[in-house]
Amino acid sequence: MKPMSEKKEEVVSEALKAEESLRSRWYIMDLDGKLWDLDEFDFQGHDKLRKFSGYEYAKDRTVDRTPPHVNLMRSLELVDYEPASDPGNFRYYPKGRMVKALLEEYVTSMVHKYGGMEVETPLMYSMEHPTLKSYLNRFPARQYTVESDDTPYFLRFAACFGQFLMSHDATISYRNLPMRIYEMTRYSFRREQRGELTGLRRLRAFTMPDVHAFCKNLVQARSEYMRRFKLSQDVLAGIGLEKEDYELALRMVEDFYNENKEFIKGLVQKHGKPVLVEMWKERFAYFILKWDMNFVDALDKASALATDQIDVENGERYDIKYMDEDGTQKHPYILHCSPSGAIERDIYAILEREAMRMKADNGYKPQLPLWLAPTQVRIIPVSHEYVGFADMVRGKFSKVRVDIDNRDETVGKKIRDAEKEWIPYIVVVGEREAGKEKLPVRVRGVKDSQNMSVAEMQEKIHAETEDKPYRPVPVPVYLQERPKFVG
RNA sequence: GCCUUGGUAGCUCAGUGGCAGAGCGGCAGCCUUGUAAGCUGUUGGUCGCGGGUUCAAUUCCCGCCCGAGGCUCCA
């Protein structure tokens with residue numbers, strides 16, 4: 001298909017060329033809003049920010065190791081490569097699918113609370129649609145293309161297309177603003193070059209929440225932007241990533257900075273530690289301000305999780321209009337936010353952080369956040385005589401993922417396997433426990449076993465997971481009935 | 001696309017110009033198990049694909065395919 005590849009060449013250009021010619025300047029902004037040149041700033045106590053800043057303009061990013069999360073994602077039977085697909089398109093085993101689904105449900109519930117209207121839009125769009133053509137021209141991203149009846153289509157890399165086309169057709173009053181539209185894109189596609197793909201860190205098919213807010217003017221855009229900053233911090237914290245786990249970058253046009261210094265400082269103060277600033281003399285992208293929250297991994301590589309941008313261009317490009325108070329139609333400011341970043345990347349961040357903790361402390365017991373643990377409580381009957389008793393114990397739980405190791409193995413072997421699965425609560429039951437209220441519980445990360453009743457265990461688990469979604473054990477409850485997907 | 005590196009059992013990996021190996025797993029049996037690996041037996045392979053050199057190639061040579069990592073990038 002020669003005509004198509006020629007078309008692609010045209011499409012991949014303008015912004016890329018512009019970016020090459022426009023060099024950005026880099027700074028660190030401290031909590032007082034002061035800008036420091038990178039070589040003047042004292043990075044003492046800001047090790048990760050130093051790594052992140054260095055990463056942003058480094059020449060050599062060579063790594064000779066498999067990133068630790070790749071081994072973990074496989075050994076925990078979460079996710080794996082799919083050799084039969086295009087690279088960067090992964091398979092999710094039952095446990096991984098559950099973890100991912102819970103994350104998707106959680107982020108969605110947070111966006112609902114924020115006021116996002118959830119929609120669903122197509123995965124593919126015509127490359128010949130005039131508006132999209134011009135938008136693609138602005139984005140140097142590589143697309144997957146699909147052909148149908150001689151028309152070339154591209155697979156979306158974000159939900160912008162569908163949401164903007166929908167908004168173009170909507171009748172919007174200034175009373176409806178800010179108007180918030182949301183979609184969890186499963187999937188977004190980007191045909192990144194082969195060598196760019198790394199485990200769950202960068203994929204060609206990924207799942208990403210995309211929330212747009214259409215705003216009347218800059219005043220409204222700023223206050224909405226602040227709300228979304230808080231939303232993103234809350235979402236990441238819920239996932240288990242606190243402020244010390246990521247670094248903030250602010251990227252903006254110089255004019256915007258000069259006119260909004262207090263606002264910018266406010267963002268830095270909300271983050272609570274110095275941030276990296278990238279500044280352009282002129283606007284080359286569609287946004288005037290962008291922040292991104294970046295995770296620095298076990299190999300000192302940085303990648304963006306959450307992000308939000310103030311877009312001053314696409315309202316016009318897509319001809320999205322609202323009727324203002326004065327009876328005239330205007331184009332809104334558009335905010336583009338992904339409050340968690342790609343869901344796969346959240347899993348990557350959690351696994352990489354556990355790997356870093358293991359490396360720092362030999363005795364450290366890695367774990368997933370309790371609400372994401374595929375098994376929360378493992379019951380180990382001492383012998384097959386006590387499987388019935390284990391069933392009875394399990395029956396007392398509600399809304400807790402409890403499973404039973406009924407395999408014909410020694411207790412030691414079954415404990416070891418449970419530990420290797422990072423299971424938070426392990427209970428061995430046998431003659432000593434029969435008829436007893438309190439059971440000896442091996443709590444992950446706690447040295448000695450604790451005596452707890454089922455009710456106490458359940459209460460503890462519920463307290464720690466109360467604002468999170470729940471799903472049942474994603475594989476058969478009896479270990480004997482489980483296939484092995486890895487190894 | 002370019003560069004680096006790899007492909008041997010389901011998994012992790014060793015090995016050799018001359019009968020294809022280990023551990024784990026799976027299966028069968030024994031044991032009836034008390035807080036990080038119980039014992040015995042057994043089943044697993046077109047050594048990525050194609051060609052060449054050779055009496056003989058999994059091993060040496062050439063080409064190809066696929067994976068991973070690096071370069072442009074971003075969630």
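What you are looking at is a predicted structure, and each value in this text was computed from that prediction instead of being measured. We name chains A, B, ... by the order of the sequence lines, and we start the count at 1 in each one.
- For B/rG29 and B/rG69, the C1' atoms lie 46 Å apart once the distance is rounded to whole Å.
- Taking atom CD of residue A/E192 and atom P of nucleotide B/rG70, one finds them 13 Å apart after rounding to whole Å.
- Annotated as syn: B/rG44, whose glycosidic dihedral is within 90° of 0.
- Nucleic acid contact class of A/K365 (heavy atoms, under 4.0 Å, all strands): base.
- In this structure, A/L203 places its CG atom 12 Å from C1' of B/rC74, rounding to the nearest Å.
- Side-chain contact check for A/E352 versus A/R201: every heavy-atom pair is 4.5 Å or farther apart.
- We find the CD-SG distance between A/E224 and A/C215 to be 5.0 Å, quoted to the nearest 0.5 Å.
- Evaluation of atom-type donor-acceptor distances gives a pair under 3.5 Å for the side chain of A/R442 against the base of B/rA36.
- Comparing the same atom, C1', in B/rU59 and in B/rC71 gives a spacing of 34 Å after rounding to whole Å.
- Residue A/Q193 places no side-chain atom within donor-acceptor reach of the base of B/rG70, judged by atom type and a 3.5 Å distance cut-off alone.
- A/E431 CD: 12 or fewer foreign heavy atoms inside a 6.0 Å radius.
- Around atom CD of A/E242, more than 12 heavy atoms belonging to other residues, nucleotides or ligands sit under 6.0 Å away.
- Proximity of the aromatic rings of A/F154 and A/F161 is defined here by a centroid distance below 6.0 angstrom, and this criterion is met.
- Spacing between B/rA56 and B/rC39 at atom P, rounded to whole Å, works out to 46 Å.
- The aromatic ring centres of A/Y114 and A/Y182 sit 6.0 Å or more apart.
- Between A/Y333 and A/V312, the closest side-chain pair of non-hydrogen atoms falls below 4.5 Å.
- Side chains of A/H212 and A/C160 form a contact here, defined as non-hydrogen atoms less than 4.5 Å apart.
- Within 4.0 Å of A/E344, counting heavy atoms only, lies no atom of the nucleic acid at all.
- Remark: B/rG26 base-pairs with B/rU42; criterion is Watson-Crick or G-U wobble with both hydrogen-bond distances under 3.5 Å.
- The gap from the C1' atom of B/rU5 to that of B/rG41 amounts to 40 Å, rounded to the nearest Å.
- Between A/L197 atom CG and B/rC74 atom C1' the separation is 12 Å, expressed in whole Å.
- Ranked by how close their nearest RNA chain B nucleotide is to the 5' end, A/D86 and A/A342 are led by A/D86.
- Residue-level contact check: A/P209 touches neither bases nor backbone, having no heavy atom under 4.0 Å from any strand.
- Remark: the A/R345 side chain and the B/rC74 base include a donor-acceptor N/O pair separated by less than 3.5 Å.
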Protein and nucleotides 6-13 of chain B: nitrogen or oxygen contacts under 3.5 angstrom:
{"residue": "B/rG10", "atom": "N2", "partner": "A/G487", "partner atom": "O", "Å": "3.3"}
{"residue": "B/rU12", "atom": "OP1", "partner": "A/R74", "partner atom": "NH1", "Å": "3.3"}

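- At a threshold of 4.0 angstrom between heavy atoms, the contacts of A/T198 are confined to the sugar-phosphate backbone, with no base atom among them.
- Rounding to the nearest 0.5 Å places CE of A/M252 at 12.0 Å from OG of A/S24.
- Contact check of residues 409-421 of chain A against RNA chain B (heavy atom, cut-off under 4.0 Å) returns A/T410, A/V411, A/G412, A/K413, A/I415, A/R416, A/E419.
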Exercise for the section: Given side chain to side chain donor-acceptor pair (under 3.5 Å), test A/Y246 with A/D292 step by step and report yes or no. Expected result: CA-CA 10 Å; A/Y246 56 84; A/D292 37 277; over 6 Å; no

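- In this structure, A/F206 packs face-to-face on the six-membered ring of B/rA75, meeting both the 5.5 Å centre cutoff and the 30° plane limit.
- Nucleotides B/rA28 and B/rG44 have their P atoms positioned 15 Å apart, rounded to a whole Å.
- Nucleotide B/rU32 holds its P atom 11 Å from the CD atom of A/E385, rounded to whole Å.
- Using Watson-Crick or G-U wobble geometry with both donor-acceptor distances under 3.5 Å, B/rU4 finds its partner in B/rA68.
- Closest to the side chain of A/E433, from the set B/rU32, B/rG34, B/rA68, is B/rG34.
- Ring centers of A/F90 and A/Y81: under 6.0 Å apart, within the cut-off.
- If you take CZ of A/R156 and P of B/rA75, they are 15 Å apart, rounded to a whole angstrom.
- What separates CH2 of A/W291 from C1' of B/rA75 is a distance of 11 Å, to the nearest Å.
- Between B/rC27 and B/rC65, the distance separating the two P atoms is 39 Å to the nearest Å.
- Comparing B/rU35, B/rA68, B/rC73 against the side chain of A/P440 picks out B/rU35 as the nearest.
- The aromatic ring centres of A/H336 and A/Y286 sit less than 6.0 Å apart.
- A donor N or O paired with an acceptor N or O is not found under 3.5 Å between the base of B/rC73 and the side-chain atoms of A/R190.
- The separation of B/rC13 from B/rG51, taken at their P atoms, amounts to 30 Å, rounded to a whole angstrom.
- Atom C1' of nucleotide B/rG1 and atom CZ of A/R191 are separated by 10 Å, given to the nearest angstrom.
- Computed from coordinates, the A/Q480 CD to B/rG25 P distance equals 14 Å when rounded to whole Å.
- Comparing the C1' positions of B/rA22 and B/rC47 gives an interatomic distance of 15 Å, to the nearest angstrom.
- Under the 90° criterion around 0 for the glycosidic angle, B/rC27 counts as anti.
- In this structure B/rC60 sits in a base pair with B/rG52, meeting the Watson-Crick or G-U test at under 3.5 Å.
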